[in-house]
Structures are given as C-alpha cells and as structure tokens.
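When reading the values below, keep in mind they use all heavy atoms of this one structure, side chains included, and skip hydrogens, waters and symmetry mates. Quick caveat, the model's predicted, so the values are computed rather than measured.
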Amino acid sequence: MTASKSALNPLDLFDIRSELSDDERMVQDSVARFVDEQAIPLMREAFEQHRFPSELISQVAELGLLGSSIDGYGCAGLNSISYGLICQELERGDSGLRSFVSVQSSLVMFPIYAYGSEEQKQRWLPAMAKGEAIGCFGLTESQGGSDPSNMKTHAKKDGDDWILNGSKMWITNGTIADAAVIWATTDEGVKGFIVEKDMPGFTSQEIDNKFSLRASITAALFFDDVRIPAANVLPGVTGLKGPLSCLTQARYGITWGVIGAAQACLDEVIRYTGDRVLFDRPLSHTQTIQIRLADMARRITTAQLLSLQLGRLKDRGELRPTQVSLAKWNNCRAAIDIARDARDILGGSGISAEYVPIRHMLNLESVITYEGTETVHQLVVGKELTGVNALG
Ligand SMILES: Cc1cc2nc3c(=O)[nH]c(=O)nc-3n(C[C@H](O)[C@H](O)[C@H](O)COP(=O)(O)OP(=O)(O)OC[C@H]3O[C@@H](n4cnc5c(N)ncnc54)[C@H](O)[C@@H]3O)c2cc1C
C-alpha cells in the first residue's frame with residue numbers, strides 16, 4: 001500500500017496558494033493574522049451593534065492596506081493579486097471591513113491618483129494611506145443606481161469655482177469621510193469633485209436600520225449650493241468613464257473578497273457537521289451533506305481560479321471590464337448561495353450570530369447588489385456576446 005499524500009486544504013482544494021509568490025503569501029499571512037486576532041473578535045459585536053469598528057482603521061493603515069496598489073505617496077505599491085488577497089482575508093472577517101478598505105483604496109485613492117492634480121495627490125494620498133483622512137465615493141442617486149447616466153446632481157461654473165447641488169444615496173463611509181469624491185453632471189460632461197466635510201452646504205445622514213453590512217457606515221449625502229474651488233475638481237477625466245473605471249478596480253477586489261466570506265462559511269459548516277450527531281451518526285457522514293459541502297468547495301474553487309486569472313490579466317494591464325463583470329456575478333452568486341446553504345445546514349443554530357453564516361449571508365445581500373447588481377453584470381456579458389446593449 002502506498003502512503004497517502006497529506007490532505008488537501010478544504011478551503012483551497014486546487015492549491016491556489018502554490019501559485020502565489022513569496023511576497024504575495026506574506027501579504028496574505030499578515031492580513032490573515034490581523035483578521036483572526038484583531039478583526040474577527042470585534043466584527044460580530046460590531047454587526048450586532050450596527051456600528052463600524054473605526055478602532056481598526058489605524059491597524060489596517062499600519063499594515064499598508066489602504067491604497068495598497070498605489071506606488072508612492074506613502075502607499076505600499078503591491079500588485080493586483082496582493083490587493084485581491086487583502087480583500088479576501090478581510091472579507092473572511094466581515095464584508096463591512098472589506099468595504100471600508102475597498103472604498104478608501106479603489107473608489108477614493110484610485111481616482112485621486114489616476115485623475116487628480118499633483119497638489120490633490122500630495123494633499124490626500126499620504127493622509128489616506130495612514131488612515132488619517134477617510135474618503136467616500138458618491139455616484140449612486142436615489143432615482144436608480146443601475147443607471148448612472150440619469151444623474152441629477154450637477155455643478156455649475158461660478159467664476160473659478162463650481163456650485164454643486166443634488167444628493168447621493170447609499171454612500172459607504174459617508175458620515176465619517178473627510179473627503180467625498182462626488183460625480184456630478186456639468187455643461188462639460190460628468191466630472192469628479194473632492195467635497196470636503198466642512199464645506200458649507202454639505203451634509204450627510206447615516207442610513208439606520210440596515211439588516212446587511214451593519215458593521216459598515218452607509219449614508220445619504222446632500223449638496224445645497226456647495227461652493228467647490230477649481231483646485232478640488234479632478235482634472236484628468238470627464239465623462240462616466242471616470243466613475244466606471246473606479247468601479248472596475250473595486251469590483252475586481254470584490255471578486256476576491258466574497259471568496260473569503262464563502263470560505264468562512266464552509267469552514268464553519270465542515271466543523272459543525274463533523275460534530276453534530278443525528279440518527280446516530282455525524283451529519284457529515286450523510287451523502288446529502290457531503291454533496292452540499294462538495295458543491296460549496298466546487299464553487300469556491302471556481303471563484304478562486306477566476307479571480308487569480310483576473311489578477312494576472314490586471315497585472316499585465318489586459319483586464320477588460322466584461323471579465324470583471326463575469327467574475328463579480330459568478331463569485332457573488334457563489335458566495336451568497338454558499339452562505340444561505342451553510343445557514344440551512346446549521347439548522348436553528350444557523351440563525352444565531354454565534355455562527356458566521358447568517359452574518360455573511362446578510363452582508364452578501366449588499367455585496368451582490370452594490371457596484372452593479374447581478375442583472376447589470378449579466379447584461380454587460382450579454383452585450384459582449386451579442387454587441388447589443390439590452391440594459392437600457
Ligand atoms: C450597503 C450599500 C453600500 C453602497 N455603497 C455605495 C457607495 O459607496 N457609493 C455609491 O455610489 N453607491 C453605493 N451603493 C449603491 C449601489 O451601488 C446601488 O444600490 C446599486 O448600484 C443598485 O442601485 P439601486 O439600489 O438604485 O437599484 P436599481 O438600480 O433601482 O435596481 C433595482 C433592480 O432593478 C434591476 N435592474 C436594473 N436595470 C435593469 C434592466 N435594464 N433590466 C432588468 N432589471 C434591471 C436591478 O438588477 C435591481 O434588481 C451602495 C449600496 C449598498 C446597499
């Protein structure tokens with residue numbers, strides 16, 4: 001008889017980790033340690049209390065997780081696979097924590113870096129990398145996030161300044177942001193404005209009573225004749241391609257992030273079904289449960305391979321938004337189905353916050369909706385295949 005090889009890692013059946021470089025593995029390990037030791041013990045309580053655990057910001061910053069893909073300006077200059085791994089490990093803790101890092105990194109620091117003036121970069125990027133300044137990104141409006149071309153928020157030139165009017169809805173980090181990157185229509189097309197928290201006429205209001213992403217701040221923003229100096233306009237981009245390019249960055253991170261949430265659910269349910277004895281045998285010894293666990297592993301493996309290839313394409317500068325759409329759709333769908341099934345396998349315990357699936361399941365209801373709903377991403381892929389835009 002030949003000796004059996006050591007068991008595979010149930011959360012990484014295809015040994016994706018062996019594909020990583022030493023540096024990438026180091027990033028993953030250090031974030032995983034932070035999540036296990038510092039974040040996970042806090043997240044459940046934060047979710048129950050409906051509060052963002054801002055006490056974690058300085059540690060996240062110290063680890064170099066804010067704006068990690070940016071080279072210079074006090075940022076870590078990591079590659080795309082590393083950014084993905086950061087998202088994966090953070091979301092293994094909670095989607096709210098990953099959302100905070102995604103917004104700060106991909107939706108605020110990225111546009112300032114890609115489209116900002118040198119003065120804007122110097123002013124905001126080092127402070128944001130240290131977590132001393134927080135940002136938010138305002139694109140969605142109450143009349144329909146899936147159709148940003150119907151944007152009503154507008155800015156009008158007044159001498160060298162701009163006067164901003166309108167409102168934004170569902171804005172992550174909205175009430176704690178020192179700088180809000182706000183997209184508004186102008187006579188010249190859509191432009192990005194850095195609205196500072198103390199600017200007269202700018203107010204924000206937290207959205208209470210969420211049953212999802214409870215450990216993340218979500219807010220409505222209001223702009224009533226806010227005077228914005230020319231120095232606060234992002235000079236490098238005009239048109240919807242500005243915000244959409246930011247979304248491509250953030251959606252890429254989400255494809256990795258949700259893998260972490262799914263892994264946390266599978267991990268929990270493997271343990272639980274091994275211990276839970278029904279009809280004189282552990283649940284894990286039944287065929288149906290094994291098939292359900294195997295199906296979770298299949299979905300996680302598929303998602304991992306998609307994200308890994310996406311990361312490689314991104315690092316080669318070959319990433320296409322359609323590919324990100326397909327992966328965001330696939331991986332969010334996989335993660336939410338896994339979380340819902342894990343919740344069911346836990347029986348009554350599945351509705352208790354003592355076990356992670358219900359928290360991940362509820363969080364993933366937001367993650368599958370924001371940054372483009374499942375339908376929107378399906379229609380992006382449909383357009384790629386047919387050449388016809390069926391979205392609108
Ligand atoms: C917790 C949370 C945090 C968020 N954070 C931010 C943020 O930081 N910044 C930001 O700008 N936005 C943010 N959003 C907003 C998010 O991006 C939007 O909610 C999302 O884009 C969907 O927009 P909507 O809610 O207006 O839904 P709608 O656009 O009204 O969509 C409603 C439904 O219609 C479907 N639909 C849309 N178009 C079509 C079509 N052509 N055919 C068939 N069905 C269609 C959708 O799939 C969906 O099921 C956040 C949302 C949440 C929930």
Test salt bridge (Lys or Arg N to Asp or Glu O under 4.0 Å) on Arg312 and Glu19 and set out the steps. CA-CA 11 Å; Arg312 286 178 173 153; Glu19 292 291 310; 2.5 Å; yes
Tell me, please, which residues at least two apart from Asp29 pass salt bridge (charged side-chain N to carboxylate O under 4.0 Å, His left out). Arg17
Just wondering, are more than 12 heavy atoms of other shown residues or ligands nearer than 6.0 Å to NZ in Lys383? no
Using atom types as modelled, flag every donor-acceptor pair under 3.5 Å from a side chain in residues 209-217 to any protein atom, sequence neighbours excluded.
residue, atom, partner, partner atom, Å
Lys210, NZ, Leu213, O, 2.8
Lys210, NZ, Ser216, O, 2.7
Lys210, NZ, Thr218, OG1, 2.7
Ser212, OG, Leu362, O, 2.5
Ser212, OG, Ser366, N, 3.4
Ser212, OG, Ser366, OG, 2.7
Arg214, NE, Phe47, O, 2.9
Arg214, NH1, Lys210, O, 2.8
Arg214, NH2, Glu48, O, 3.1

With a 4.0 Å cut-off, would you call Arg299 and Asp295 a salt bridge? yes
Would you say the side-chain atoms of Thr301 pair up with the backbone N or O of Ala297, donor to acceptor, closer than 3.5 Å? yes
Is the number of heavy atoms from other residues, nucleotides or ligands within 6.0 Å of CD (Glu119) greater than 12? no
Using the test side chain to side chain contact (heavy atoms under 4.5 Å, CB included), find all partners of Glu188 that sit at least two apart in sequence or belong to another chain. Lys157, Trp162, Thr186, Lys191
How would you list all residue pairs meeting ring-ring contact (aromatic ring centres under 6.0 Å, His included) that involve residues 51-87, not counting sequence neighbours? Phe52-Phe100
Under the 6.0 Å and 45° cation-pi test, does Lys197 pair with Phe202? no
Residue pair Ile345 / Ile289, side-chain heavy-atom distance below 4.5 Å: yes
Any donor-acceptor pair under 3.5 Å linking the side chain of Ser82 with the backbone of Leu78? no
Does the side chain of Tyr370 come under 3.5 Å of the side chain of Ser99 through a donor N or O and an acceptor N or O? yes
Ion pair present between Lys156 and Asp187, side-chain N to carboxylate O less than 4.0 angstrom? no
Ionic contact status for Arg340 with Glu365, cut-off 4.0 Å: yes
So, Glu384 and Thr322: side-chain donor and acceptor under 3.5 Å apart, yes or no? yes
Distance in Å, Arg44 CZ paired with Ser352 OG, rounded so as to fall on 0.5 Å steps: 6.0 Å
Can a side-chain donor-acceptor contact be found between Asn165 and Asp225 if the only test is distance below 3.5 angstrom? yes
Take atom CG of Asn389 as the centre, draw a 6.0 Å sphere, and report whether it contains more than 12 heavy atoms from other residues, nucleotides or ligands. yes
Any side-chain heavy-atom pair from Phe222 and Ser204 closer than 4.5 angstrom? no
Would Glu141 and Lys168 pass as an ion pair if we require N to O under 4.0 Å? yes
Minimal heavy-atom distance between Glu89 and Ala32, with the atoms involved, is OE1-CB, 3.5 Å
Could you please spell out the steps behind the salt bridge (Lys or Arg N to Asp or Glu O under 4.0 Å) verdict for Asp267 and Arg271? CA-CA 6 Å; Asp267 193 34; Arg271 211 173 21 249; 3.6 Å; yes
How would you list, by chain and number, every residue that makes a side-chain hydrogen bond (donor to acceptor under 3.5 Å, both in side chains) with Tyr115, sequence neighbours excluded? Ser245
Let's go through Glu196 and Asn232 carefully: what are the C-alpha distance in whole Å and the side-chain angles of both, what is the deciding distance for side chain to side chain donor-acceptor pair (under 3.5 Å) to 0.1 Å, and is it a yes or a no? CA-CA 9 Å; Glu196 298 177 41; Asn232 282 36; 2.8 Å; yes
Gln104 and Asn173: side-chain donor and acceptor closer than 3.5 Å? no
Give a yes or no on whether Gln59 atom CD has more than 12 heavy-atom contacts from other residues, nucleotides or ligands under 6.0 Å away. yes
For Arg25, does the CZ atom sit with more than 12 other heavy atoms under 6.0 Å from it, leaving out its own atoms? yes
Would Asn79 and Glu24 count as having a side-chain donor-acceptor pair, cut-off 3.5 Å? yes
Rounded to the nearest 0.5 Å, what separation is found between the CG atom of Leu391 and the NE2 atom of His377? 10.5 Å
Exam field: side chain Arg359 to backbone Asp94, donor-acceptor pair closer than 3.5 Å: no
What is the distance from atom OH of Tyr272 to atom CG of Leu283, rounded to the nearest 0.5 Å? 7.5 Å
Output the distance between atom CD1 (Ile134) and atom OG1 (Thr172), rounded to the nearest 0.5 Å. 13.0 Å
Could you please spell out the steps behind the side chain to side chain donor-acceptor pair (under 3.5 Å) verdict for Glu118 and Gln122? CA-CA 6 Å; Glu118 191 51 40; Gln122 296 287 355; 2.9 Å; yes
Under a 4.0 Å N-O cut-off, is there an ion pair linking Asp337 with Arg333? yes
Applying salt bridge (charged side-chain N to carboxylate O under 4.0 Å, His left out) to Arg276 and not counting sequence neighbours gives none
In short, Asn331 meets Ser307 closest at the heavy-atom pair ND2-OG, 3.1 Å
Assess whether a salt bridge exists between Arg92 and Asp36, defined as any Lys/Arg side-chain N lying under 4.0 Å from an Asp/Glu carboxylate O. yes
Please name the residue in the list Leu308, Leu310, Asp23 that meets the side chain to side chain contact (heavy atoms under 4.5 Å, CB included) test with Ile81. Leu308
Report yes or no: does Gln120 contribute a side-chain atom to a donor-acceptor pair with the main-chain N or O of Ser117 at less than 3.5 Å? yes
